[in-house]
Undergrad: 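Here you go, one structure.
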Amino acid sequence: MSLSEQEVQRRKSLEQLREKGIEPYPAALFPVNAFSSELQANYQEGKKVTIAGRLMRKKVQGKASFGEIQDSKGRIQVYFNRDEICPDEDKSMYNDVFKKLLDLGDFIGINGEIFKTQVGEITIKVESFEVLSKALKPLPVVKQDEKGNVFDAFTDPEQRYRMRYVDLIVNQEVKETFVKRTKLMNAMRQFFNEREYFEVETPILQPIPGGAAARPFITHHNALDIPLYLRVANELYLKRLIVGGFDGVYEFSKDFRNEGMDRTHNPEFTVMEIYVAYKDYFWMMDFTEQMIEQAAIAVNGTSTVTNGGNEISLKAPFKRISMLDSIKEHTGFDVSEMDEKGLKEVCAQLDIPTDDSMGKGKLIDEIFGEKCEANYIQPTFITDYPVEMSPLCKKHRDNPNLTERFELMINGKEIANAYSELNDPIDQRERFEEQLKLSEKGDDEAMFIDQDFLRALEFGMPPTSGMGIGIDRLTMLLTGQTSIQEVLFFPQMKPEPKKVVPQKTDFEKIGVSELWSEHVMAVYGTVESLTSAKPTQVHQMLNGYRKKNKLTIDALQLADVEAWF
RNA sequence: GAUUCAGUAGCUCAGCUGGUAGAGCAUCUCCCUUUUAAGGAGAGGGUCCAGGGUUCGAACCCCUGCUGAAUCACCA
């Protein structure tokens, strides 16, 4: 492992702290009693405070210095005065520990007193400080001027996602996004709990990956010697609970799909699903729009959001239109009475590619996806999907070719999906069998049959409406982000390639002594670059290095060096 | 999976027709007791993503690979 200049420097500082009897990683608690932004908001001159955080700015001006402490709430300036910190003869706490051995990023604890500087900035006058944890790697230094212009921002997405901890330290607005994500989930929980719906947990490892049409991740359980799948949805388990007698159940569910990754897809993602007995999808639309409006206000203080240049109003009620009407509106075609052949002709006219595995439902869905979906910027419920697309959804009360389903489109994207749930066990069995035929036809996303779920339905499930909502996408909407990676702490990435770093021992293998190997590596890097040079040159080079760095090992003889070649 | 773009110091980035690397911040040394994106003076710091090729000579041109981003395909 080779360290950068700054890392070497910090390790030296670490050692020097220990030599001074200062433990850089102390065990004892530090009695914090104040936070940066709260002190700013509530100025009390002369107040004694104890705070802790990272040192993020250090500006030494001789016998007095300014710094900035970043804690969980924000930042506050701190003032170090040599004679305040070191009232006695011994000035080393200021001259050495603060000025030389503390680096940006180190955690320190401070006892001090609040005052305002001549410029009027609220500042803590340090009376004493202690090292709480030493940082061995330098953070990117991001600066900001009065107008909020940011300089040298840490922006490389790869580094930001791989080292989210650094991103969070250095880019304040990143933290804000995640705070909003949690506020959103809390607001939803509150909305459900007020109505006495019950938060539950259901299996993530499932023997049959049901409830959605998607490619699952597969794993194996050794003790049972069976395959298990990471859930693609939790729908069938929540409905079993409705069978079991709960009136309303919900779960924030991490689901997993073994499919492509892009700006809006991560292999693991979060969905909230809720099922409420004795309701239908009309009720669910009212429920959903109220929930979204309230959540938006809880997160942003307003029901208006701006995303991708669009201003969107999340104030209930939302517009409603049936899928077939939407197609008619955006393409001019009335596909309501068409068969598979007619639909394929429409697709051909609209320039939508089709293939043999597509049934009626899929064709209609393609037309909608291609020609209609993107038009719905303001929240809109698209209702009454074709029965083939919705094997878990109750048939429409007025038209058996359709289902009582809605999707909520916002900003041209699907945000939520809901049904009057299918509770007729015989119909459900037939729908599963239809899916099986589709999968035999080549649709590799058709659903598996879950016999136990059918058995549950045969015991009777009350009329129920269920709704699922993508938490990642809703967070994106409410925070103005356009990439899912910005709303996931740790988005999936390819593993970092292991760097093949040359080792000291590589040099020792060709005969370099243990005393010399690290220095030879420092000069030449790799064995190859060493052996491609001339022995006489190498001999001079290394002895020159010895002299320059005042190494206390014996100089090399030319014969020693020649032996390496 | 396809295409395009990118990878240079701890961070953000320059680097001309190919002549073996530069700035700002950060770091180190010295000076400075209320500063504020950056006080003054000096110094150090790089396998230019990796591996091949072309060339007298490659950060730069060509090929392959790795990683990321964007667009597309896929994603009920």
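Lettering follows sequence order; numbering is per chain, from 1.
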Undergrad: Give a yes or no on whether a donor-acceptor pair under 3.5 Å exists between the nucleobase atoms of rA37(B), that is its base, and the side chain of Q144(A).
TA: no

Undergrad: Specify the separation, in whole Å, of atom CZ of F151(A) and atom P of rA38(B).
TA: 9 Å

Undergrad: Does any N or O in the side chain of T331(A) come within less than 3.5 Å of the main-chain N or O of I327(A), such that one atom is a donor and the other an acceptor?
TA: yes

Undergrad: Hey, what are the protein-to-nucleotides 11-14 of chain B N/O distances that come in under 3.5 Å?
TA:
unit_1, atom_1, unit_2, atom_2, d
rC11(B), OP1, Q159(A), OE1, 3.4

Undergrad: Closest approach of G211(A) and E235(A), non-hydrogen atoms and distance?
TA: O-OE1, 3.5 Å

Undergrad: Does rA9(B) have OP1 or OP2 under 4.0 Å away from a side-chain N or O of Q6(A)?
TA: no

Undergrad: Among rU35(B), rG68(B), rG45(B), which nucleotide sits nearest the side chain of F66(A)?
TA: rU35(B)

Undergrad: Side chain of P138(A), heavy atoms from C-beta onward: which of rA76(B), rA70(B), rG10(B) has the nearest atom to it?
TA: rG10(B)

Undergrad: Does rA73(B) have a Watson-Crick or wobble mate here (both distances under 3.5 Å), and if so which one?
TA: none

Undergrad: Please report the distance, rounded to the nearest Å, between CG in L104(A) and P in rA38(B).
TA: 11 Å

Undergrad: Under a 3.5 Å cut-off for both contacts, is rG45(B) paired Watson-Crick or G-U wobble with anything, and if yes, with which nucleotide?
TA: none

Undergrad: Does rG68(B) have OP1 or OP2 under 4.0 Å away from a side-chain N or O of R162(A)?
TA: yes

Undergrad: Looking only at side-chain atoms of K143(A), point me to the closest of rU27(B), rA73(B), rA37(B).
TA: rA37(B)

Undergrad: Within a radius of less than 6.0 Å around CD of E146(A), do more than 12 heavy atoms belonging to other residues, nucleotides or ligands occur?
TA: no

Undergrad: Using every non-hydrogen atom in the two residues, find where Y281(A) and F406(A) come nearest and quote the distance to one decimal.
TA: O-CE2, 3.6 Å

Undergrad: Kindly give the atom pairs (protein nitrogen or oxygen, nucleotide nitrogen or oxygen) under 3.5 Å for nucleotides 29-32 of chain B.
TA:
unit_1, atom_1, unit_2, atom_2, d
rC32(B), N3, V60(A), O, 3.4
rC32(B), N3, G62(A), N, 3.2
rC32(B), N4, V60(A), O, 3.4
rC32(B), N4, G62(A), N, 3.3

Undergrad: Distance check, P atoms only: rC5(B) and rC62(B), in whole angstrom units.
TA: 10 Å

Undergrad: Hey, is the main chain of S92(A) close enough, under 3.5 Å, to the side chain of D90(A) for a donor-acceptor pair?
TA: yes

Undergrad: Considering every strand shown, what is the Watson-Crick or G-U wobble mate of rG10(B) when both distances are under 3.5 Å?
TA: rC25(B)

Undergrad: Roughly, in whole Å, what's the span from NZ in K494(A) to P in rG1(B)?
TA: 7 Å

Undergrad: Measure the distance from CD on E146(A) to C1' on rU35(B) and round it to the nearest whole Å.
TA: 12 Å

Undergrad: Does a salt bridge link E434(A) with K437(A), judged by any charged N lying under 4.0 Å from a carboxylate O?
TA: yes

Undergrad: Any side-chain N or O of K59(A) under 4.0 Å from OP1/OP2 of rG39(B)?
TA: yes

Undergrad: Using atom C1' in both nucleotides, what's the gap between rA2(B) and rG15(B) to the nearest angstrom?
TA: 32 Å

Undergrad: Contact class for R257(A) vs. all strands (heavy atom < 4.0 Å): base, sugar-phosphate, or nothing?
TA: base

Undergrad: If I take atom CZ in residue F269(A) and atom C1' in nucleotide rA76(B), what distance separates them, rounded to the nearest angstrom?
TA: 12 Å

Undergrad: Quick one: does K58(A)'s side chain have a donor or acceptor within less than 3.5 Å of a partner on F98(A)'s backbone?
TA: yes

Undergrad: Could you tell me the separation between the NZ atom of K58(A) and the C1' atom of rU27(B), rounded to a whole number of Å?
TA: 10 Å

Undergrad: Looking at the side chain of Y79(A), which of rU33(B), rU36(B), rA69(B) is the nearest nucleotide?
TA: rU33(B)

Undergrad: Touch check for N81(A), heavy atoms < 4.0 angstrom, all strands: base, sugar-phosphate only, or nothing?
TA: base

Undergrad: Return the nucleotide paired to rU36(B): Watson-Crick means purine N1 to pyrimidine N3 with N6-O4 or O6-N4, wobble means G-U with N1-O2 and O6-N3, both under 3.5 Å.
TA: none

Undergrad: If we take the P atom in both rU17(B) and rU12(B), what is their distance in whole Å?
TA: 26 Å

Undergrad: So, D450(A) side chain and F453(A) main chain: donor-acceptor pair closer than 3.5 Å or not?
TA: yes

Undergrad: Charged N to carboxylate O under 4.0 angstrom, E113(A) versus K125(A)?
TA: no

Undergrad: Would you please indicate if the ring centroids of Y385(A) and H396(A) are separated by under 6.0 Å?
TA: no

Undergrad: For E84(A), answer base if it contacts any base atom (sugar-phosphate contacts may also be present), sugar-phosphate if it contacts only those atoms, and nothing otherwise; contact means non-hydrogen atoms under 4.0 Å.
TA: nothing

Undergrad: Who does rA50(B) pair with, Watson-Crick or G-U, both distances under 3.5 Å?
TA: rU64(B)

Undergrad: As a test of reading the structure: which of rU35(B), rU33(B), rA69(B) is closest to the side chain of Q118(A), going by heavy atoms?
TA: rU35(B)

Undergrad: Measuring from the side chain of E158(A) (C-beta onward, heavy atoms only), which nucleotide among rU27(B), rU36(B), rU67(B) has the closest atom?
TA: rU67(B)

Undergrad: Between rC11(B) and rG46(B), how far apart are the two P atoms, rounded to whole Å?
TA: 14 Å

Undergrad: Find the distance N149(A):CG to rA38(B):P and express it as a whole number of Å.
TA: 13 Å

Undergrad: For rU4(B) versus rC61(B), give the span between their P atoms, rounded off to a whole number of Å.
TA: 15 Å

Undergrad: Taking the six-membered ring for Trp and the single ring otherwise, decide whether the centroids of F256(A) and F269(A) are under 6.0 Å apart.
TA: no

Undergrad: What distance, rounded to whole Å, do you find between the two C1' atoms, one in rC28(B) and one in rC48(B)?
TA: 24 Å

Undergrad: Looking at every strand, decide which applies to F115(A) at a 4.0 Å heavy-atom threshold: base, sugar-phosphate, or nothing.
TA: base

Undergrad: Can a donor-acceptor pair be found between the side chains of D167(A) and Y165(A) at a distance below 3.5 Å?
TA: no

Undergrad: Which nucleotide in the set rG44(B), rC28(B), rU36(B) lies at the smallest distance from any side-chain heavy atom of D103(A)?
TA: rC28(B)

Undergrad: Pick the closest RNA chain B nucleotide for T123(A) and for N417(A) by heavy atoms, then say which residue is nearer the 5' end.
TA: T123(A)

Undergrad: Given atom CD1 of I122(A) and atom P of rU35(B), what is their separation to the nearest angstrom?
TA: 16 Å

Undergrad: Which nucleotide in the set rA76(B), rU36(B), rU33(B) lies at the smallest distance from any side-chain heavy atom of A64(A)?
TA: rU33(B)

Undergrad: Taking the C1' atom of each, how far is rU64(B) from rG45(B), in whole Å?
TA: 32 Å

Undergrad: With both distances under 3.5 angstrom, what nucleotide forms a Watson-Crick or G-U wobble pair with rA59(B)?
TA: none

Undergrad: Would you mind telling me which of rA76(B), rA26(B), rU35(B) lies closest to the side-chain atoms of R57(A)?
TA: rU35(B)

Undergrad: Distance between the P atoms of rA50(B) and rA9(B), in whole angstroms?
TA: 11 Å

Undergrad: Evaluate the side-chain hydrogen bond (donor to acceptor under 3.5 Å, both in side chains) criterion for residues T464(A) and E421(A): first the C-alpha distance (whole Å), next the side-chain angles of each, then the deciding distance (0.1 Å), finally the verdict.
TA: CA-CA 5 Å; T464(A) 298; E421(A) 300 296 336; over 6 Å; no

